[in-house]
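The chains referred to below are lettered A, B, ... by the order of the sequence lines, with proteins before strands, and numbering in each begins at 1. Bear in mind the structure is a predicted one, so any value in this text is a computation, not a measurement.
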There are 2 protein chains.
Amino acid sequence: MARKVGRRGGNIVTIHDVARHVGVSPMTVSRVINGEKNVREETRAKVMASVEALNYSPNLAARSLATQDSARIGLLYSNPSVAFLSEFLLGILSESSQSGAQLLIESCEGPEGATAALEKMKAAGCDGVILSPPLSDSTRVAKILQDMKMPFVGVAMARPDPNVSCVTIDDFKAAGAMTRRLIELGHRDIGFIKGHPNAYASQIRYDGFAAAMEKAGLKIDPGHVAQGYFTYRSGFDAAERMLSQKVRPTAIFASNDDMAAGAVASAHRLGLEVPEKLTVVGFDDTAMASSVWPELTTVRQPISDMAGLSVRLLLDQIKGHRSGRPFEAVREVRDFSLIERQSSADIGSASS
Amino acid sequence: MARKVGRRGGNIVTIHDVARHVGVSPMTVSRVINGEKNVREETRAKVMASVEALNYSPNLAARSLATQDSARIGLLYSNPSVAFLSEFLLGILSESSQSGAQLLIESCEGPEGATAALEKMKAAGCDGVILSPPLSDSTRVAKILQDMKMPFVGVAMARPDPNVSCVTIDDFKAAGAMTRRLIELGHRDIGFIKGHPNAYASQIRYDGFAAAMEKAGLKIDPGHVAQGYFTYRSGFDAAERMLSQKVRPTAIFASNDDMAAGAVASAHRLGLEVPEKLTVVGFDDTAMASSVWPELTTVRQPISDMAGLSVRLLLDQIKGHRSGRPFEAVREVRDFSLIERQSSADIGSASS
DNA sequence: CTGAAAGCGCTTACAG
DNA sequence: CTGAAAGCGCTTACAG
C-alpha cells in the first residue's frame, strides 16, 4: 500500500522518484520543474508527465536551503486601518511562506518611532524590510534605511522616489477615474473626505479628484471637502458636518472604505437613504467595503497582491545586494479597478 | 567588515559558528536551542550567551528539512464573514510559515461541495486538513475525512465530538457571561440576533443566552429574538424589525460582530443613540468590532491564536499518523473574554 | 552529558 | 543537452 517511507515514516515523492520513473538524473528533473532552457523537448515532456503521474511537488524547505535565497525580512507598519493591514499581511505572509522567507513584524508610532524598530530588525538579522503606507512615503524612514545600507521596498507609495523600489497603483488616476464615473452618473456636487494628513496618498487622491472635477468644468464646494483620518469615526463625523449644511452634495467620495462606511452610517442617521438620496463611494476595496450594507462602490487596490509582489521584489533586491550587484530601483505600478456595488446610483444627467 | 559568506554571498550565522565560538559541537548547540534535557547547565549557559552574542537564530528551512515534519496541509472553508476569515487565515499562515508547512487553501459551498474539494486536496498530496466553522461542525465532512483516513482538526467547533480533534472556546459559557454582564448593567429586556442556522455555534450561543436569562429569572420576549445570517445586512434587518415594535429591548446581543454593526446602523437610522438609548454587543472581536463607531463591546474569541494552534495540533497528528501511533483526539478549549467598548451602557439596576 | 557520521530534498558549479 | 559530486544548515540515531 505504502509507496516509500522516509527516515521516520511518511511517504513523499521526491525528485529522485521522478528521475527514476523517467530514467533521467534528478538534475534533469530539477531543470524541467524550474523551467530552464537546456532540456530536450522530448525529455521535458516525459518529466512533466511523470511529475503529473506521481503527483510530485517540490519540497520548499529543501529548495530554499539549497538556493540559499532564504532571507529574513522585516515588515514595518504604523497605524493603518485594521482592514487594510490585514489584507496587507495576508499578501506578505502568503508570499513569504511560498518563498521560504522568515518574517519579522514590527509596528511603530509614525516615522519618529521607526529608528528604534529598524535597529531592532537589523539586530535580529533582517536582510531587508517592507514598508507599509504611510511609512513608505516617509523620506525620513527611507534615509535611515539607506544609511543602514538595508534593502527595502515601499508599498502603496504615492510620492515617487527614483531611489526607492516600490509597488503602487496610480492614486491620482484612480481618484480621477472614480470621480469621472460619479460625474457620468449625473453627480455635479460631489463631496470629498480626505485621508489622514500624514499619508501622502491622501493628498494625491484629492488632487486626482480635484483635477477630474476641474476638467469636467465642475466646482468643488469648499464646504463639501472635509478632513478625515481614515477611520470610520472620522468619516462619520465628516459626513455629518457636510450633510447638515443647507446645500448637500449628492455624492460623497471618501478616501478609504472605513470612512465611506462611516459616511453611510451618518447618512442613515440623518434619514438619507443610500444610494437613493446620497451616493457614497470609498477607496481600497478592503473587507469593510463588502461587509457593510449597502455594499460599497469603491476603487479596488489589489493590496494583498501588491504586498506579495513587494516581498518578491525585496528578495530579489537582497539577492542582488548579497552578490554585490549594483542597486537599481524598480517601480511597479499595478492596475486599480472600479468596483460598482450598491452604494452608488445614477441620478440622471441633469445637464447641458 | 563581512563575517562569513555563503556559497553565493550573504553572511549568516549558523549553528557551526556558535559551536566554534563556544568550543562545543554543533550537536550540543542544537540540544540547547531545542531545550533538550541532557546538557550541563554550564554548557547551556555558555551556548545561550553565544547565541545572544552572535545573534544566531536557526534556519527554519534547514530545520524542517532535517526533521522531516514538513507537511502539506489543506485549509477548507465555506462562506464565513470576511472579517472572521481574514483573522483565521492570519493565524494559519503565520503558524504554517513558522512550522514550515505548505498550505493549500480551498473553499466550498457548504458540506455538499466538500467532497470535491477534499478529493482535490488529497490528490495534491495534503497530509491533513484544517476545517473552519461551520464546516468543522459538519458530521458529514468529518465522515468523509475519516473514510479518507485523513488527519484533520476543526476550529471553533460547537458540537463536541470525541472522535475529532479541535480547538474552540466554550460558546455556551461565553454567551452566558455576556448576558450576565448585560443584566448587571441593568438590562432586563434583551434582544438576541441568532447566527446562520447552519452554524452549530449559533444554536449554542443562543442556548447560553437563554440559560443565563432564565437563571436570572428574566423572560425572553419572542418578538425580540430574530434569525440572522452572520451578515451585516441580516443584523441590520433583524434589528430594524425588533426596534420597530411597540416594546423595544434596551439591549441587543448579536451572535457576531458584523450583525452587531448592522444593528447599530439600524438603531442610528431609527434615531436611537448607541449606547445611550440602546446597547448593542457582538461576538468574536473581529476587525469589524473596532472599526465601526461606536466601537463594539463584544466577546473576544482568539480566532487567530486558535487557528495557529490548530495547525500545530494537525502537524502533531500527521506525525503520529505517519509513525503509526494510534489516533487520539484532543480538544483544546481556549479562554474567551469580555471586551467592553463604547456600544454598551449601564442603565442602572432598576430593581431588587 | 557530549560528539562524529549520515541524511533530509534540492540546487549550484563544474564536466562532458 | 545531461549527469556526478558536493553542499545548503540542521537533526536523528548511534556511540561513547
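Atom pair Asp17(A):CG and dC10(C):C1' shows a separation of 13 Å (rounding to whole Å applied). Leu60(B) places its CG atom 18 Å from the P atom of dG9(C), with the value rounded to the nearest Å. As rounded to whole Å, 11 Å separates atom C1' of dG9(C) from atom CD of Gln102(B). Atom C1' of nucleotide dA5(D) and atom CD1 of Ile15(A) are separated by 15 Å, given to the nearest angstrom. The nearest whole Å value for the distance from the CZ atom in Arg44(B) to the P atom in dC1(C) is 9 Å. Spacing between atom NE2 of His16(A) and atom P of dA4(D) amounts to 10 Å, rounded to whole angstrom units. In this structure, Glu41(A) places its CD atom 12 Å from C1' of dC1(D), rounding to the nearest Å. dG3(D) atom P lies 14 Å from atom CD of Glu36(A), rounded to whole Å.
With dT11(D), dC14(C), dT11(C) as the candidates, the nucleotide lying closest to the side chain of Arg63(B) is dT11(D). Closest to the side chain of Leu65(A), out of dG3(D), dG9(D), dC10(C), is dG9(D). Counting only heavy atoms from C-beta on, Tyr56(A) has its side chain closest to dC10(C) among dC10(C), dG9(D), dG3(D). Out of dG3(C), dG7(D), dA13(C), the shortest distance to the side chain of Arg31(B) is found at dG3(C). Of the candidates dG9(C), dG3(C), dT2(C), the closest approach to any side-chain atom of Asn38(B) belongs to dT2(C). Out of dC1(D), dG9(C), dG3(D), the shortest distance to the side chain of Arg40(A) is found at dC1(D). In the set dT12(D), dG3(C), dT2(C), the nucleotide with an atom closest to the side chain of Thr67(B) is dT12(D).
Enclosure of atom NZ in Lys120(A) is not indicated, since only 12 or fewer non-hydrogen atoms of other residues, nucleotides or ligands lie within 6.0 angstrom.
Among the protein residues, Pro58(B) comes within range of the sugar-phosphate backbone only, with heavy atoms under 4.0 Å from sugar or phosphate atoms but none that close to a base. Counting any heavy atom pair closer than 4.0 Å across all strands shown, Thr43(A) reaches sugar-phosphate atoms only and no base atom. Contact annotation for Asn59(A): backbone-only contact, meaning every heavy-atom pair under 4.0 Å involves sugar-phosphate atoms and none involves a base.
Across the strands present, dA13(C) finds no partner; the criterion is a Watson-Crick or G-U wobble pair with both atom distances under 3.5 angstrom. For dA4(D), there is no paired base (Watson-Crick or G-U wobble, both distances below 3.5 Å).
Between the side chain of Ser50(B) and the main chain of Val47(B), no donor-acceptor pair closer than 3.5 Å is present. The backbone N or O of Val330(B) lies less than 3.5 Å from a partner atom in the side chain of Ser165(B), making a donor-acceptor pair.
Here Thr14(A) does not reach the OP1 or OP2 of dG9(C): none of its side-chain N or O atoms lies under 4.0 Å away. Taking side-chain N and O atoms only, Asn34(A) has a distance below 4.0 Å to OP1 or OP2 of dT11(C). Taking only side-chain nitrogens and oxygens, Thr28(B) never comes nearer than 4.0 Å to OP1 or OP2 of dT2(C).
Using a cut-off of 4.0 Å between Lys/Arg side-chain N and Asp/Glu carboxylate O, Glu41(A) and Arg44(A) are scored as salt-bridged. Ionic pairing of Asp316(A) and Lys319(A) is not present here: no N-O contact between side-chain nitrogen and carboxylate oxygen is shorter than 4.0 angstrom.
Heavy atoms only, all atoms of each residue included: Cys126(B) and Ile73(B) are closest at SG-C, 4.0 Å.
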